[in-house]
Number of protein chains: 2
Amino acid sequence: MSEPAWNPYDRNCPSRGLLDRISSRWTILIVGVLAEGPSRFSDIARRVDGLSEKMLTQTLRQLEEDGLVSRTVTPSVPVRVDYELTTDGRTLIAPLHALEDWVVTHMSQVDQARHSAREARA
Amino acid sequence: MSEPAWNPYDRNCPSRGLLDRISSRWTILIVGVLAEGPSRFSDIARRVDGLSEKMLTQTLRQLEEDGLVSRTVTPSVPVRVDYELTTDGRTLIAPLHALEDWVVTHMSQVDQARHSAREARA
DNA sequence: CAGGATCCCGCCTGATACTG
DNA sequence: CAGTATCAGGCGGGATCCTG
């Protein structure tokens with residue numbers, strides 16, 4: 001019994017959908033926050049600029065469903081909910097951080113390339 | 001003169017947009033194809049299942065504008081166009097392949113987690 | 001072969017309002 | 001505090017048809 005040959009280049013392979021999920025804008029940034037430790041709902045919302053409550057909830061639910069994030073409710077008043085990367089979820093930190101890192105180290109280069117492209121078109 | 005502090009967690013930072021671009025479904029898969037060498041338009045379309053001509057064109061234009069892909073036209077009949085990763089573009093191979101790799105190595109785990117989640121809801 | 005032009009629909013987004 | 005519900009709006013993206 002070998003593993004199925006997961007192949008995101010095939011549009012019907014489930015791995016295509018998983019690739020979409022983990023490479024989504026909000027997943028990358030939320031995992032980036034959780035990489036530094038467990039966080040509360042509103043903490044994440046505060047640190048990821050422009051993230052609506054709706055998308056935060058939705059993204060967290062997906063990550064939870066996929067076993068990448070755990071959700072802990074502390075029954076106090078008001079309720080406290082903590083989110084934390086699972087063991088599996090932590091394996092996402094490196095590849096996703098690499099993406100963030102690439103962006104910040106290449107932004108200036110890309111910016112220049114864009115200006116050059118505009119000049120060439122003029 | 002230090003570099004601007006690019007920060008994708010800020011919704012107004014240009015790096016947010018760049019992160020969106022390079023982490024898009026089609027960018028990841030197209031760069032995955034180009035990582036193996038220069039390819040023609042229709043070769044890429046053939047290898048990335050479900051990729052429409054429209055999105056292929058659009059994604060290639062973005063990559064070109066950002067200086068990550070070069071476009072070479074050979075004026076024959078019919079025309080031949082080759083796309084190739086630039087030196088900058090090649091720095092994308094590692095991080096994006098890491099994403100692909102994560103997906104294929106964790107798909108089975110995630111699949112199980114999804115089944116467990118469904119059971120828990122039942 | 002390598003696209004450009006159009007149409008159109010679904011999802012993300014962004015407010016707002018409400019609850020335990 | 002941590003959500004859920006709903007609704008209007010925009011645009012990303014797919015399908016289709018056409019062209020140098």
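Labels below follow one simple rule: chain letters A, B, ... track the order of the sequence lines, proteins then strands, and each chain is numbered from 1. The structure displayed is predicted, hence computed values, not measured ones.
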Item to check | Nucleotide C:dC12, atom P - distance to CD of A:Glu53 in whole Å | outcome: 17 Å
Checklist entry - Are OP1 or OP2 of D:dG14 and a side-chain N or O of B:Arg25 less than 4.0 angstrom apart? => result yes
Item to check | Protein-nucleotide distance (B:Glu64, atom CD; C:dA2, atom P), rounded to Å | outcome: 15 Å
Item to check | Shortest side-chain distance from B:Arg71, nucleotide among C:dG3, D:dG14, D:dC1 | outcome: C:dG3
Checklist entry - In terms of side-chain heavy atoms of A:Pro78, which of D:dT6, D:dC1, C:dA2 is nearest? => result D:dC1
Next on the checklist: I want to verify a distance call: between D:dG14, D:dA2, C:dG3, whose nearest atom is closest to the B:Tyr83 side chain?
Outcome noted: C:dG3
Checklist entry - Given atom CG of A:Asp20 and atom P of C:dC11, what is their separation to the nearest angstrom? => result 13 Å
Checklist entry - Between B:Arg80 (CZ) and C:dG3 (P), how many Å, whole number? => result 13 Å
Checklist entry - Which is it for A:Leu56 and A:Val48 under the side-chain contact (heavy atoms from CB on, under 4.5 Å) test, yes or no, and what are the steps along the way? => result CA-CA 9 Å; A:Leu56 175 52; A:Val48 182; over 6 Å; no
Item to check | B:Trp26, nearest nucleotide to its side chain (from D:dG3, D:dG14, C:dG3) | outcome: D:dG14
Checklist outcome for this item: B:Leu60 CG to C:dG3 C1', in whole Å, measures 11 Å
Checklist entry - Which sits closer to the 5' end of DNA chain C, B:Phe41 or B:Lys54, going by the nucleotide each is nearest to? => result B:Phe41
Checklist entry - So what does A:Ser52 hit on the nucleic acid, given a heavy-atom distance under 4.0 Å: a base, only sugar-phosphate, or nothing? => result nothing
Item to check | C:dC1 OP1/OP2 closer than 4.0 Å to side-chain N/O of B:Arg40 | outcome: no
Checklist entry - Do B:Ile44 and B:Val73 belong together in a cluster built from hydrophobic side chains that touch within less than 4.5 Å? => result yes
Item to check | Closest to side chain of A:Ser42, choosing from D:dC1, C:dG3, C:dG14 | outcome: D:dC1
Checklist entry - Quick one: do the B:Trp6 and A:Ser108 side chains pair a donor with an acceptor below 3.5 Å? => result yes
Checklist entry - Which of the following nucleotides, D:dG14, C:dG4, C:dT13, is nearest to the side chain of B:Met55? => result D:dG14
Checklist entry - In this structure, are over 12 heavy atoms from other groups packed under 6.0 Å from A:Gln58 atom CD? => result yes
Next on the checklist: Using whole Å, what does the distance between atom P of nucleotide C:dG4 and atom CD of B:Gln58 come to?
Outcome noted: 11 Å
Next on the checklist: If you compare every side-chain N and O of A:Arg61 against the phosphate oxygens of D:dT4 (OP1, OP2), does one of them come in below 4.0 Å?
Outcome noted: yes
Checklist entry - Considering all heavy atoms of both residues, which atom of B:Pro78 and which atom of B:Ser76 are nearest to each other, and what is their separation? => result O-OG, 2.9 Å
Checklist entry - Nearest-Å distance, CG (A:Leu56) to P (C:dG14)? => result 13 Å
